[in-house]
Amino acid sequence: MPELPEVETVRRMLEENVLGRTIRRVGRSRHRLRAPAPAARAMPLHGRMIEALRRHGKFLLIDLSGGLSVISHLGMSGRWLFYASDTIPPLAHVHVRIAFENGTCLWYQDPRRFGTFRSVPTAELARDPSLRNLGPDPLDRPPTGAWLVEQAHALRLSAKSFLLDQRRVPGIGNIYASEILHRAGVHPGRPAGTLRLVEWERIAAETRAVLGEAIEMMGTTFSTYRTLWNEPGAYGAQLLVYDRAGEPCLRCASPVRRIVQGQRSTFYCSTCQPRRPGRARRSEGRSSGHSARERGPFR
DNA sequence: ATCCTATCCTGTAGGC
DNA sequence: TGCCTACAGGATAGGA
């Protein structure tokens, strides 16, 4: 489940490796991604130079010379993989193969095909249906408690579902939503409109902290995500609640619970994240400061 | 407008 | 060992 830290990791690696490169050739699989790119024939990618690599939420934006941009989303199982030479191992589910003029190449692989790769005139990016409703990117404009409390005003949906709504804070997915709420001490089932300002302030602070720490560790490899060099991310060892149902909470030792919200798993600690917010708040005043913990190898 | 559900997709894990 | 089923969740369309 690539979320903002995973996409940002890939974006930074792409910036290091393909910025300024000129596309020599693009090959596509006939196995269609969910949103194929019918415009590709009309506006070919080859011959264009990569001018910028941007990201909004979980969307990767590749600006090409000549006023064309590529919108790419990794979906559930998408990977961008970079190869410095043309000796490439056999690989299934590769949908896009980009060859650069210097002999390097970049592949988009996506077994489940939930991801996207399509080209759009750069001038029309802001109007694109996928992008136009996204909230401000949390790395560009970190959310504040005041802004979140205003966004959530009178909403009845759960705090967890609120965090997954890309119109609010884009880039948060199922893994980081559980982690952020746990660290903020907020029960995931609380109606978003009932959270107090101090709670949104903690959520805002933990959003910044969790995303930042995850980027430093090149993301979370829960199952399929890999970096541009096909390496796993290291943040999985830092997860406090995600996929830890029944295991002791690392703060209070109560068993971590799993519930289903909107057909997705949510993990939380009923002691650290009480359903009814009382005065028994966590004692520490600082928002962050979790030490790295030891955990066994990835699943 | 808000909220919820079904849909897409395939590798993997677990049961038997 | 091997078959079968359930499960994982990104965005989005459509209905209540």
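Sequence lines set the chain letters: A, B, ... in the order given, protein chains first and strands last, and positions in each chain run from 1.
- Among all heavy-atom pairs drawn from A:P2 and A:G75, the shortest one is CD-O, 3.2 Å.
- A:F267 and A:Y242 have their aromatic ring centers within a separation under 6.0 angstrom.
- Ring centroid separation for the pair A:W200 and A:F162 comes in under the 6.0 Å cut-off.
- A donor-acceptor pair under 3.5 Å is absent between the side-chain atoms of A:Q109 and the main chain of A:V94, judged by distance alone.
- Take the nearest nucleotide of DNA chain B for A:R167 and for A:R112: the residue whose nucleotide is more 5' is A:R167.
- Protein atom CZ of A:F162 is 10 Å distant from nucleotide atom P of B:dC3, rounded to whole Å.
- Remark on DNA chain B: of its neighbouring residues A:P111 and A:S158, the 5'-side contact belongs to A:S158, judged by nearest-heavy-atom nucleotide.
- Applying the side chain to side chain contact (heavy atoms under 4.5 Å, CB included) test between A:L81 and each of A:L228, A:L106, A:L91 identifies A:L91 as the sole match.
- Across the helix from B:dT2-C:dA16 to B:dC16-C:dG2, the helix axis at one end is tilted relative to the axis at the other end by 50° (nearest 10 degrees, each axis from five pairs).
- The aromatic ring centroids of A:H182 and A:Y268 lie 6.0 Å or more from each other.
- Within 6.0 Å of CZ on A:R257 lie no more than 12 heavy atoms contributed by other residues, nucleotides or ligands.
- Comparing A:L131 and A:Q263 along DNA chain C, the residue whose closest nucleotide (by nearest heavy atom) sits nearer the 5' end is A:Q263.
- Between A:W107 and the choices A:Y83, A:F82, A:F117, A:F100, the ring-ring contact (aromatic ring centres under 6.0 Å, His included) rule is met once, by A:Y83.
- For DNA chain C, the span of nucleotides reached by chain A at under 4.0 Å from its heavy atoms goes, 5' to 3', from C:dA8 to C:dT12.
- Spacing between atom CZ of A:R156 and atom P of B:dT2 amounts to 10 Å, rounded to whole angstrom units.
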